[in-house]
Peer 1: 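Quick one: the structure is below, questions incoming.
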Amino acid sequence: MLLNVGTFIRSATRFSPFIITHSSPSSFCFSFSPKQTVSFALQSSQMASFTTLSQSPPKLLFRQLFEKESSTYTYLLADCSHPDKPALLIDPVDRTVDRDLNLVKELGLKLIYAMNTHVHADHVTGTGLIKGKVPGVKSVISKASGSKADVFVEPGDKISFGDLFLEVRATPGHTMGCVTYVTGDGPDQPQPRMAFTGDALLIRGCGRTDFQIFTLLKETLLYPAHDYKGFSVTTVGEEMLYNPRLTKDEETFRNIMENLNLAYPKMIDVAVPANMVCGLQDLEPKAN
Ligand SMILES: N[C@@H](CCC(=O)N[C@@H](CSS)C(=O)NCC(=O)O)C(=O)O
C-alpha cells in the first residue's frame with residue numbers, strides 16, 4: 001500500500017541505524033533495578049502491583065490498552081511514586097477516550113500529556129477529545145509532522161512526567177514526522193528501556209521504517225502502535241532474528257515493501273485531516 005498523502009513517504013529508502021527499548025504488556029507499577037527482589041501485592045485500588053523489598057519505591061506505572069477497530073495500542077505511563085502521579089497517554093484513539101480517562105481516574109493519576117507518535121491514517125486521535133475533557137492536558141506531536149498541537153517535539157527532546165522521562169527519536173519512513181518515544185537512560189529510569197515505535201516497527205513487520213531501531217540494545221522492549229496478529233511486545237534482538245522484512249538486504253526489503261499491496265486504509269480520508277489538527281476539529285462549534 002502506498003499512502004498517497006503528503007505526510008506519508010511512498011517507500012522505504014532509509015537504512016540508517018536507529019534505536020529503541022522495555023517491559024511486559026499490561027503490567028503495573030514497578031521498579032526496574034535488576035537486583036531487587038520482586039513480589040506481588042494488591043493495593044487498595046485492587047490493582048495488582050509489583051512492589052520491591054528494597055529501599056527503592058516503585059516508579060513506573062504502565063498499561064497497554066487496545067482499540068479493536070483499528071487494532072491500535074494506546075499506552076499509559078505514570079510516575080506512581082511522585083505525589084502528583086503525573087501521567088501521559090501515547091497514541092490515544094477517539095473511540096476509547098472515555099475508557100482511557102476512566103482508567104486514569106480510577107488509578108488516581110494526573111494526566112498531563114496526550115501524545116502521538118505520528119499523524120495516523122487509520123483512526124482519529126483522541127488527543128483533541130482528551131483536551132476538551134481534562135483541562136490542562138497538553139497535546140504533543142513532532143514538529144516534523146506538520147500537525148497542530150500544544151507541544152512540538154524534535155529528536156533529542158525529553159518529555160518529563162514526575163521523575164521519569166521519555167526521549168524523542170526520529171524514526172521517519174511511515175510518515176515524515178514519525179517519532180519513537182524511548183524511556184529515559186539512567187539509574188532511576190526503567191531497565192530495560194521501553195520504546196514506543198508507532199508504525200515504524202511492528203512486531204514481525206514494519207510501516208516503512210528506517211533501521212535506527214536496531215542500534216538499540218537487544219533487550220530493548222518494543223511497543224508498536226498496532227498489531228494485527230495478537231502480539232503485544234517484542235525486543236530488538238527478537239526482531240533482528242525473526243522480522244521477515246528487516247532481516248533482508250536492502251534490495252529485498254524494498255521489493256517486499258513495494259509489493260505489500262495493502263488495502264487503502266478505510267479511515268484515511270477522515271483520519272488524516274482530523275489528525276493534522278490533533279483531532280481538535282471535534283471541539284469546534286458546528287454551524288447551524
Ligand atoms: N486495514 C487497515 C490498515 C492496515 C495498515 O495498512 N496498517 C498500516 C499501519 S496503520 S496506517 C501498515 O503500515 N501496516 C503495515 C503492515 O505490514 O501491515 C485499515 O484499513 O485501517
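Along the sequence shown, residues are numbered consecutively beginning with 1. Order of listing sets the numbers, starting from 1, for every ligand and every atom in it.
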Peer 1: For His174, is the nearest heavy atom under 4.0 Å from an atom of ligand 1?
Peer 2: yes
Peer 1: Looking at ligand 1, does Ala225 have a heavy atom less than 4.0 Å from it?
Peer 2: no
Peer 1: In chain order, what residues pass the side chain to side chain donor-acceptor pair (under 3.5 Å) check against Asn255, with sequence neighbours excluded?
Peer 2: Asn259
Peer 1: Which atoms of ligand 1 are found less than 4.0 Å from any heavy atom of Arg245?
Peer 2: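 Near Arg245, meaning under 4.0 Å from one of its heavy atoms, ligand 1 has 16 (C), 17 (O).
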Peer 1: With a 4.0 Å heavy-atom cut-off (strictly under), which part of Leu202 contacts ligand 1: side chain, backbone, both or neither?
Peer 2: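 The answer is the side chain.
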Peer 1: Are Glu239 and Arg204 close enough for a salt bridge, meaning some N to O gap below 4.0 Å?
Peer 2: yes
Peer 1: Please confirm whether Lys158 makes a cation-pi placement over Phe165, using NZ or CZ under 6.0 Å from the six-membered ring centre and within 45° of the ring normal.
Peer 2: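 Cation-pi check for Lys158 and Phe165: passes.
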Peer 1: Name the option, out of Gly205, Ser70, Cys206, Gly173, that contains the heavy atom nearest to atom 15 (C) of ligand 1.
Peer 2: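 Among Gly205, Ser70, Cys206, Gly173, the closest heavy atom to atom 15 (C) of ligand 1 belongs to Cys206.
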Peer 1: List ligand 1 atoms under 4.0 Å from Leu262, heavy atoms only on the residue side.
Peer 2: 6 (O), 14 (N), 15 (C), 16 (C)
Peer 1: Indicate yes or no for a side-chain donor-acceptor contact from Lys85 to the backbone of Ser81 under 3.5 Å, with no hydrogens or angles considered.
Peer 2: no
Peer 1: Just to check, does His226 reach to within less than 4.0 Å of ligand 1 when the distance is taken from its heavy atoms?
Peer 2: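 His226: in contact with ligand 1 (<4.0 Å).
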Peer 1: Are any of the N or O atoms of Asp122 closer than 3.5 Å to those of ligand 1?
Peer 2: no
Peer 1: Under 4.5 Å between side-chain heavy atoms, chaining through other members, with only Ile, Leu, Val, Met, Phe, Trp and Tyr counted: pull out the rest of the cluster around Ile203, sorted by chain and number.
Peer 2: Phe231
Peer 1: Going by the ring pair (Phe, Tyr, Trp, His ring centres under 6.0 Å) test, name the single residue among Tyr228, Tyr75, Tyr73 that passes it with Phe66.
Peer 2: Tyr73
